[in-house]
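Numbered from 1 within each chain, the chains take letters A, B, ... in sequence-line order. Fair warning: this is a prediction, and the values are worked out from it, not measured in the lab.
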Amino acid sequence: MNIVVLIKRVPDTETRIQIKDGKIATDGIAWIISPYDEYAVEEALRLIEKHTGKVTLLCLGPEEAKETIRKGLALGADDAVHLNDPAFLNGDATTTAVVLAAALKKMQYDLVLAGKQAVDEDNAQVALRVAELLDLPHVNSVIKLDLSDDKKSARCLREVDGDRDVAETSLPALITAQQGLNEPRYPSLKGIMGAKKKPIADWKAANLGIDPGSLNAKVEIVRVDPPPARPPGKKIAGDAATAAKELARLLREEAKVI
Amino acid sequence: MANQILIVPEEREGALRKVSFELITVANELAHALGGAVDAAIIGSNVAANAQALATTGIAHVYAVDDSALALFAPETYTTALTEIIRKIAPSIVLFGATGFGKELGSRVAARLGWGLVTDCVGVKIENGALMMTRPIYAGKAMATVKAKALPVMLSVRPNIFPPAPASTNASTAPIENVAVSLPAPRARVVEKVMKESVAVDLAEAKVVVSGGRGVKNTEGFEIVKQLANTLGAAVGASRAAVDAGWIDYSTQVGQTGKTVAPQLYIAAGISGAIQHLAGMSSSKVIVAINKDPDAPIFQVADYGIVGDLFQVLPVLNEELKKVLAEK
């Protein structure tokens with residue numbers, strides 16, 4: 001079976017985000033595959049190990065995203081498509097989904113996997129938009145995924161707002177990964193070496209038959225600010241018992257949250 | 001021209017979720033600024049009582065798609081039902097709760113209609129005639145101001161940020177219109193609900209969260225955290241270190257790759273405060289940190305800090321809070 005995994009290049013989650021002139025300052029940032037996408041890559045690799053087939057990564061991003069794609073290939077994916085055209089950047093969830101869907105239309109797949117959200121802009125909508133644009137069924141926020149023996153359907157456990165439910169879908173489908181789906185592997189040295197030889201196709205707007213002028217973002221980020229600063233706090237002195245008692249009093253009388 | 005604002009309320013266990021009333025608050029402000037009225041679209045099975053409840057909140061019109069085929073969530077049926085209502089009334093703005101339901105349905109409907117969607121808004125206003133939204137990015141490490149380049153547009157609102165509108169006003173009851181929709185046979189659908197036994201209160205919506213970290217030491221250590229949570233009717237959270245160590249379920253993880261929380265009170269016990277964790281909880285109203293290390297970064301965001309051993313502090317705090325709560 002063919003599995004396509006959508007991956008995004010994002011700043012490492014350990015990064016302290018710096019803001020300059022109303023924008024995220026990207027210099028000095030370490031970049032990673034968005035963690036939820038990593039669960040999707042891992043699940044694809046496990047499914048292929050069990051059911052045989054091919055894993056293709058699909059990534060929209062700047063030239064620098066090649067490095068991120070190589071990381072995914074080092075984990076064991078077979079090949080990749082890089083949607084590498086300046087016309088694809090600086091859009092919004094609407095335009096990103098349109099481009100990803102146009103690329104998938106040119107690809108063979110039985111299953112599309114993606115993270116439930118990217119951890120940079122936290123939009124949590126691009127993958128589901130792609131499913132709708134391709135008229136694919138989807139199951140969101142999955143923590144356990146089982147394919148039927150004939151690989152024509154999938155049964156998923158999902159986690160939603162603290163509840164869990166079981167969802168079923170026919171294939172092909174788009175499924176998004178939530179934390180807990182699996183434990184992503186680390187790349188092996190052999191994998192890292194092998195990744196250098198794996199094919200990455202560069203697709204531009206022209207390859208997809210997209211007129212860049214038609215990619216109209218519906219919304220735009222006009223400014224980014226630091227989160228509101230918190231006023232300095234109060235350290236409560238005394239031994240454990242005294243401090244605990246005082247804390248209970250302060251929560252009741254001063255903070256009024258109890 | 002009048003601008004209809006449409007809210008998409010949400011049910012849970014047959015009742016309207018609180019976020020539905022928070023949507024009314026936001027929608028009323030937008031309707032006031034733009035000149036227009038607020039409508040609601042309720043979708044599900046046996047929604048008559050909730051449609052009736054919505055009709056007394058001062059909104060103009062309730063549209064309902066009530067079909068036994070909607071008893072369990074299926075993205076395709078729900079998308080078709082809501083799209084039908086939106087095409088019928090052509091609103092300028094559609095509002096969802098930024099819940100699992102709202103994010104999922106909103107994404108699919110927005111794609112079907114070719115509309116923009118701004119998720120997880122914590123601020124919504126009209127500025128110089130344009131719809132401007134504020135939303136946390138990087139789990140709260142930064143705040144983005146997003147502009148809708150044009151209307152119509154959709155947005156989802158983070159729960160617990162806006163005050164809920166009163167459940168019932170003295171306003172006249174709005175008409176309820178049942179909309180018949182021909183629903184597709186869904187290819188993907190929920191077949192069974194599995195309630196979690198381990199998590200009594202949903203983290204993302206909890207008013208109080210008590211979290212444990214590396215300092216909790218082991219699975220048994222989490223009992224003391226859970227006891228305090230139990231006293232406060234709080235959700236239990238954890239840092240990544242505690243989850244990775246296997247002391248508690250990953251679904252309790254608070255942070256950039258876990259849950260983002262914004263409770264009234266967040267108690268961090270034995271959590272040092274890695275940037276990843278701070279991202280997920282620093283918009284809590286009041287933060288309490290209990291940690292042995294006086295230099296732990298968690299103290300930089302805490303409103304109240306105790307430098308001490310959580311195994312000594314939490315039991316006393318638990319007993320004291322029981323007393324305080326009994327006085328109420």
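Closest heavy-atom contact between B:V313 and A:A244: O-CB, 3.6 Å. Heavy atoms only, all atoms of each residue included: A:I17 and B:A142 are closest at CG2-CB, 4.3 Å. Between B:R108 and A:P137 the shortest heavy-atom distance is NH1-C, 4.0 Å. Minimum interatomic distance between A:Q125 and B:S107 (heavy atoms only, all atoms of both residues): CB-OG, 3.1 Å.
Between chain B and the options A:P11, A:G238, A:A101, A:G22, the largest number of non-hydrogen pairs under 4.5 Å is found for A:P11. Note on B:L278, B:T134, B:I287, B:T260: by heavy-atom pairs under 4.5 Å with chain A, the leading option is B:I287. Between chain A and the options B:T145, B:L131, B:I137, heavy-atom pairs under 4.5 Å are most frequent for B:T145. Of the listed residues B:K149, B:E320, B:Q264, the one with more heavy-atom pairs under 4.5 angstrom with chain A than any other is B:K149. Between chain B and the options A:V257, A:D161, A:V224, A:D165, the largest number of non-hydrogen pairs under 4.5 Å is found for A:D161. Each of B:V146, B:T119, B:V191 has some count of heavy-atom pairs under 4.5 Å with chain A, and the biggest count is that of B:V191. Options B:K193, B:K259, B:M133, B:M143 differ in how many heavy-atom pairs under 4.5 Å they form with chain A, and the most are formed by B:M143. Ranking A:A217, A:S153, A:P231, A:A154 against chain B, the residue ahead of the rest is A:A217, based on heavy-atom pairs under 4.5 Å. Your options are A:D120, A:I236, A:N140, and the one with the most heavy-atom pairs under 4.5 Å with chain B is A:D120. Chain A forms more heavy-atom pairs under 4.5 Å with one residue of B:K141, B:K103, B:Q312 than with any other, namely B:K141. For the options A:Q178, A:E246, A:K235, A:E254, heavy-atom pairs under 4.5 Å to chain B are most numerous at A:K235. Ranked by heavy-atom pairs under 4.5 Å with chain B, the first of A:A241, A:P226, A:A118 is A:A241.
Contact of B:E13 with chain A is not made at all, since no heavy-atom distance falls under 4.5 Å. Contact annotation for B:A150: only backbone heavy atoms (N, CA, C, O) come within less than 4.5 Å of a heavy atom of chain A. Heavy atoms closer than 4.5 Å to chain B are found in both the backbone and the side chain of A:A131. Neither the backbone nor the side chain of A:A229 has a heavy atom closer than 4.5 Å to any heavy atom of chain B. Only the side chain of B:F299 comes within less than 4.5 Å of a heavy atom in chain A; its backbone stays farther off. Only the backbone of B:S284 comes within contact range of chain A, judged by heavy atoms closer than 4.5 Å. Of the atoms belonging to B:D303, heavy atoms from both backbone and side chain fall under 4.5 Å from chain A. The parts of A:L250 that come within reach of chain B are both its backbone and its side chain, each placing non-hydrogen atoms under 4.5 angstrom from that chain. At a 4.5 Å heavy-atom cutoff, the contact between A:P227 and chain B is made by backbone and side-chain atoms alike. In this structure, chain A has a heavy atom under 4.5 Å from the side chain of B:E76, while its backbone stays farther away. Only the side chain of B:M132 comes within less than 4.5 Å of a heavy atom of chain A; its backbone N, CA, C and O stay farther away. Both the backbone and the side chain of A:D135 come within less than 4.5 Å of a heavy atom in chain B. The contact between B:L232 and chain A is made entirely by side chain atoms (from C-beta outward), counting heavy-atom distances below 4.5 Å. Proximity to chain A (any heavy atom under 4.5 Å) is restricted, for B:Q253, to the side chain, taken from C-beta onward. Proximity to chain B (any heavy atom under 4.5 Å) is shown, for A:A243, by both the backbone and the side chain. Heavy-atom distances place both the backbone and the side chain of A:T13 under 4.5 Å from chain B. Using a 4.5 Å cut-off between heavy atoms, B:V301 contacts chain A through both its backbone and its side chain. Using a 4.5 Å cut-off between heavy atoms, B:A302 touches chain A through its backbone atoms (N, CA, C, O) alone. Contact annotation for B:V109: neither backbone nor side-chain heavy atoms come within less than 4.5 Å of a heavy atom of chain A.
For the atom pair CG of A:D92 and CG of B:L117, the computed distance is 9.5 Å after rounding to the nearest 0.5 Å. Atoms CD and OG1, on A:E132 and B:T79 in that order, are 6.0 Å from each other to the nearest 0.5 Å. Here CG of B:D120 is found 8.5 Å from CD of A:Q117. Values are rounded to the nearest 0.5 Å. From B:K285, atom NZ reaches atom NZ of A:K256 across 9.5 Å, with rounding to the nearest 0.5 Å. To the nearest 0.5 Å, atom CG of residue A:L181 and atom OH of residue B:Y250 are 8.5 Å apart. For the atom pair OG1 of A:T242 and CD1 of B:I306, the computed distance is 10.0 Å after rounding to the nearest 0.5 Å.
Remark: A:K151 NZ is packed, more than 12 non-hydrogen atoms of other residues, nucleotides or ligands lying under 6.0 Å away. Counted within 6.0 Å of NZ on A:K152, heavy atoms from surrounding residues, nucleotides or ligands total 12 or fewer; the atom is thus considered open. No more than 12 heavy atoms of other residues, nucleotides or ligands sit less than 6.0 Å from atom NZ of B:K207.
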Between B:D249 and A:R164, does the salt bridge (charged side-chain N to carboxylate O under 4.0 Å, His left out) criterion hold? Intermediate values first, please.
CA-CA 14 Å; B:D249 192 69; A:R164 288 180 182 188; 3.3 Å; yes

Verdict with reasoning, A:E121 to B:Y138, per side-chain hydrogen bond (donor to acceptor under 3.5 Å, both in side chains)
CA-CA 6 Å; A:E121 289 183 12; B:Y138 299 92; over 6 Å; no

What's the verdict on side-chain contact (heavy atoms from CB on, under 4.5 Å) for A:D163 and B:R12, showing C-alpha distance, side-chain angles and the deciding distance?
CA-CA 11 Å; A:D163 290 343; B:R12 190 177 204 171; 2.9 Å; yes

Worked check of side-chain contact (heavy atoms from CB on, under 4.5 Å) between B:V288 and A:L247
CA-CA 9 Å; B:V288 170; A:L247 174 61; 3.6 Å; yes

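Salt-bridge annotation for A:K245 and B:E319: absent, with no side-chain N of the basic residue lying under 4.0 Å from a carboxylate O of the acidic one. With respect to the salt-bridge test (charged N to carboxylate O, under 4.0 angstrom), the residues A:R155 and B:E192 qualify.
A side-chain donor-acceptor contact under 3.5 Å links B:Q256 to the backbone of A:V119. A:R230 contributes a side-chain N or O that, together with a main-chain N or O of B:S282, makes up a donor-acceptor pair within less than 3.5 Å.
Residues A:L136 and B:R187 are not in side-chain contact: their nearest non-hydrogen atoms beyond the backbone lie 4.5 Å or more apart. Taking the side chain as every heavy atom from C-beta outward, B:V324 and A:R249 never approach each other to under 4.5 Å.
Neither side chain, A:E14 nor B:Q276, offers a donor N or O lying under 3.5 Å from an acceptor on the other.
Scanning residues 168-177 of chain A against chain B with a 4.5 Å heavy-atom cutoff picks out A:E168, A:T169, A:S170, ordered by number.
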